[in-house]
Chemist: 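Dumping the structure here so I can ask a few things about it.
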Amino acid sequence: MYRSIVKRLVDVGLSVVGVTVLSPALVVLVVAIKLDSEGPVLFKQVRIGIHKSKFNILKFRTMRIDTPKDIPTHLLVNPEQYITRVGKFMRATSLDELPQIINILKGDMSIVGPRPALWNQDDLVAERDKYGANDVRPGLTGWAQINGRDELTIEVKSKFDGEYIERQSFLFDMKCILGTFVSVVRRKGVVEGGTGNLSKKRIS
């Protein structure tokens with residue numbers, strides 16, 4: 001019942017509340033982006049959705065318009081050179097993800113779920129297949145995001161996604177949402193230009 005009906009109702013309800021409460025902050029961010037650099041306010045990118053369907057994810061633009069397209073940030077050579085001043089702040093605080101409330105209202109995403117892979121991240125999609133993590137709506141945040149985020153390897157991240165699928169419930173979703181706020185405040189797990197660093201630290 002929760003996974004098929006209630007979760008969707010919670011997504012829509014919280015998203016509507018979120019847009020209403022955050023509207024002043026959204027306006028400020030829009031103005032800051034336009035004043036800081038040339039280009040559109042929103043950034044669209046093709047991502048993998050439920051059952052491996054494709055959709056356009058929305059984000060506030062945090063990088064210059066000459067940034068190479070469809071390449072994960074950690075694969076760019078010196079990614080810092082492409083990130084704008086306002087963008088650096090938004091990425092550190094995850095404010096760039098707020099436009100995904102629109103994706104949630106449209107039904108492309110859920111508030112909590114595996115973060116949507118890029119359309120060309122075949123290794124991540126294949127690894128998630130082992131855990132059934134491609135058969136649910138991707139999330140604005142998720143269990144993997146509060147357990148390491150950018151620091152996790154694809155294998156470890158996918159295991160966390162699989163664990164979420166097994167434990168998915170209203171209370172577990174609330175735990176992920178609260179954990180996300182804590183992670184954002186601590187700026188935990190954000191690694192520009194690298195991925196899998198948590199595992200490397202454990203090994204070294």
Side-chain angles (χ1 to χ4, degrees), residues 1-19 22 42-60 72-74 91 93-184 188-190 195 198:
M1 173 69 93
Y2 175 72
R3 300 186 184 197
S4 59
I5 299 176
V6 178
K7 183 176 174 70
R8 179 62 185 152
L9 294 176
V10 171
D11 284 341
V12 173
L14 290 181
S15 296
V16 170
V17 171
V19 168
L22 295 172
L42 293 179
F43 170 71
K44 294 181 181 180
Q45 192 175 58
V46 178
R47 295 289 181 111
I48 301 297
I50 185 171
H51 304 312
K52 301 184 206 176
S53 60
K54 294 180 179 179
F55 72 98
N56 286 315
I57 197 171
L58 298 175
K59 292 187 176 188
F60 280 130
T73 304
H74 69 272
R91 291 168 78 92
T93 57
S94 296
L95 291 173
D96 60 315
E97 310 285 358
L98 289 180
Q100 286 160 48
I101 293 175
I102 297 173
N103 289 118
I104 294 171
L105 290 172
K106 288 174 60 181
D108 298 326
M109 296 175 61
S110 181
I111 292 176
V112 183
R115 281 296 295 165
L118 277 167
W119 66 272
N120 56 0
Q121 283 185 294
D122 296 332
D123 49 354
L124 178 57
V125 174
E127 194 67 24
R128 282 177 169 172
D129 267 338
K130 300 177 182 179
Y131 305 97
N134 293 313
D135 296 323
V136 298
R137 283 191 181 91
L140 177 65
T141 187
W143 186 229
Q145 275 54 54
I146 63 177
N147 282 284
R149 193 173 170 177
D150 298 330
E151 294 180 327
L152 301 176
T153 62
I154 285 175
E155 292 77 10
V156 174
K157 184 182 297 185
S158 298
K159 286 181 180 178
F160 275 120
D161 290 335
E163 184 180 347
Y164 170 75
I165 303 304
E166 294 179 357
R167 299 176 62 183
Q168 189 178 179
S169 67
F170 176 77
L171 290 178
F172 194 58
D173 277 0
M174 292 304 104
K175 180 176 181 178
C176 290
I177 291 172
L178 291 175
T180 298
F181 285 118
V182 173
S183 296
V184 168
K188 178 183 177 183
V190 180
T195 189
L198 185 60

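Worth saying up front: this structure is predicted, and the values here are computed from it rather than measured.
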Chemist: Rounded to the nearest 0.5 Å, what separates atom SG in Cys176 from atom CG in Leu140?
Modeler: 11.5 Å
Chemist: When rounded to the nearest 0.5 angstrom, what is the spacing between CG in Asn56 and CZ in Phe43?
Modeler: 10.0 Å
Chemist: On a heavy-atom basis, which atom in Ile146 and which in Lys175 lie closest, and how many Å separate them?
Modeler: CD1-O, 4.3 Å
Chemist: Do you know which two heavy atoms are closest between Asp108 and Pro138, and how far apart they sit?
Modeler: O-CD, 3.6 Å
Chemist: Under a 4.5 Å cut-off applied to non-hydrogen side-chain atoms, are Val46 and Leu118 in contact?
Modeler: no
Chemist: Nearest 0.5 angstrom please: Glu127 CD to Ile154 CD1, how far?
Modeler: 8.0 Å
Chemist: Say whether, by atom type as modelled, one donor and one acceptor occur between the side chain of Arg128 and the main chain of Lys157 under 3.5 angstrom.
Modeler: no
Chemist: How far apart are the C-alpha atoms of Leu58 and Lys44, what are their side-chain angles, what is the distance that settles it, and do they pass the side-chain contact (heavy atoms from CB on, under 4.5 Å) test?
Modeler: CA-CA 5 Å; Leu58 298 175; Lys44 294 181 181 180; 3.5 Å; yes
Chemist: To the nearest 0.5 Å, what is the distance between CZ (Phe170) and CZ (Arg3)?
Modeler: 15.0 Å
Chemist: Working to the nearest 0.5 Å, report the span between CH2 of Trp119 and CD1 of Ile48.
Modeler: 9.0 Å
Chemist: Between Gln145 and Thr141, what is the shortest heavy-atom contact and its length?
Modeler: CB-OG1, 3.8 Å
Chemist: Any idea which heavy atoms bring Arg137 and Gly107 closest together, and the distance?
Modeler: NE-O, 2.8 Å
Chemist: Of the non-hydrogen atoms in Lys7 and Val112, which two are nearest, and what is the gap between them?
Modeler: NZ-O, 3.1 Å
Chemist: Test Arg167 against Trp143 for side-chain contact (heavy atoms from CB on, under 4.5 Å), laying out the working first.
Modeler: CA-CA 10 Å; Arg167 299 176 62 183; Trp143 186 229; 3.8 Å; yes
Chemist: Could you tell me whether a side-chain N or O of Arg47 sits under 3.5 Å from a main-chain N or O of Pro116, the two making a donor and an acceptor?
Modeler: yes
Chemist: Restricting to non-hydrogen atoms, name the atom on Ile111 and the atom on Val10 that form the minimum distance, rounded to 0.1 Å.
Modeler: CD1-O, 4.3 Å
Chemist: Ile177 versus Met174: any side-chain heavy-atom pair under 4.5 Å?
Modeler: yes
Chemist: Is Lys59 atom NZ crowded by more than 12 heavy atoms from other residues, nucleotides or ligands, each under 6.0 Å away?
Modeler: yes
Chemist: Out of curiosity, Asp135 CG to Ile50 CD1, how far, rounded to the nearest 0.5 Å?
Modeler: 7.0 Å
Chemist: Distance-only, no hydrogens or angles: does the Asp173 side chain make a donor-acceptor pair with backbone N or O of Gln168 under 3.5 Å?
Modeler: no
Chemist: Assess the residue pair Glu97 and Arg115 against the criterion (side-chain contact (heavy atoms from CB on, under 4.5 Å)); give the C-alpha distance rounded to whole Å, side-chain angles, the decisive distance to 0.1 Å, and a yes or no.
Modeler: CA-CA 11 Å; Glu97 310 285 358; Arg115 281 296 295 165; 3.1 Å; yes
Chemist: Are the side chains of Ser110 and Val136 in touch, meaning some heavy atoms are under 4.5 Å apart?
Modeler: no
